[in-house]
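Below is one structure, written out as structure tokens; the observations come after it.
Ligands are counted one by one from 1 in listed order, and the atoms in each one are counted from 1 as well.
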Amino acid sequence: MRFSFVTLFEGLISSYFEDSILKRALQNNLLSISFYNPRDFTTNKHGKVDDYQAGGGAGLLLFPQPLFDVLDTIKKEHPNAYIIFPTPAGKPFAQIDAKRLALKEHLVFVCGRYEGIDERVIETYADEVFSIGDYVLTGGELASLVMSDAISRNIVGVLGNEDSLSMESFESELLEAPSFSKPPIYANKSVPSEFLKGNHAKITSLKNKMSEFKTKYFRPDLFSRFSVRH
Ligand code: ADE
């Protein structure tokens with residue numbers, strides 16, 4: 001998988017790939033990353049990338065020219081590039097999207113700043129437009145990182161142990177059951193006794209029940225979808 005980030009602030013993103021699982025995935029050539037700065041594609045003297053909104057409105061927008069030029073360049077160099085725009089006005093990004101996008105060859109994230117991006121850029125180039133939640137961030141960098149992280153861990157080989165994917169939250173439309181490690185009693189709190197007895201069928205059944213209870217309590221919206229299907 002190749003990830004490209006169109007951003008004015010490469011450092012916000014590159015540092016996340018310098019540790020832990022994503023660092024190892026880069027070293028093992030399961031991932032590669034590249035950056036494009038719209039400022040390098042401006043045709044005006046001052047390297048300006050933002051301007052006032054047509055019709056008024058608070059704040060500045062990234063105007064079309066640098067983004068059209070950078071995205072044309074990417075598409076010419078990489079005809080299979082699949083272009084994603086993070087914006088609070090997109091459709092909600094979910095685990096099912098992370099799994100689906102993990103099968104693409106090359107994803108490009110176009111990071112907005114200021115009040116966003118001129119809509120004509122999105123209309124012209126977007127393959128998909130995603131929001132990572134109902135709140136507004138200062139730019140698209142963090143949203144791009146959230147999505148690229150969630151996508152990366154669904155690429156075969158990135159996690160090392162693919163079993164970690166099968167029992168986690170959202171895989172069965174439910175939240176993951178609580179997990180425990182050692183010791184059996186800590187701070188006066190015990191691991192549920194069934195977990196210590198080694199009967200795996202019973203443990204699985206208990207975990208399934210815990211998943212259902214937890215989902216019903218914290219995410220009634222998910223639970224009602226689950227109960228319709230089961
Ligand atoms: N850019 C700013 N806020 C965002 C959000 N919630 N999701 C995706 N991109 C964003």
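Salt bridge status for K214 with E176: absent, with no side-chain N to carboxylate O gap under 4.0 Å.
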**Message:** One pair to check against side-chain hydrogen bond (donor to acceptor under 3.5 Å, both in side chains): E212 and N208. What are the steps and the verdict?
**Reply:** CA-CA 6 Å; E212 283 187 36; N208 289 341; over 6 Å; no

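Atom CZ of F63 and atom CD1 of I117 lie 13.0 Å apart (nearest 0.5 Å).
For D51, the salt bridge (charged side-chain N to carboxylate O under 4.0 Å, His left out) partners are K48, not counting sequence neighbours. Take K99 and apply the salt bridge (charged side-chain N to carboxylate O under 4.0 Å, His left out) test, not counting sequence neighbours, and it matches E171. Listed by chain and number, the residues in a salt bridge (charged side-chain N to carboxylate O under 4.0 Å, His left out) with E128 are K91, R100 (sequence neighbours excluded).
Protein residues with any heavy atom under 4.0 Å from ligand 1: P86, T87, P88, F130, S131, I132, G133, Y135, V136, L137, G139, A143.
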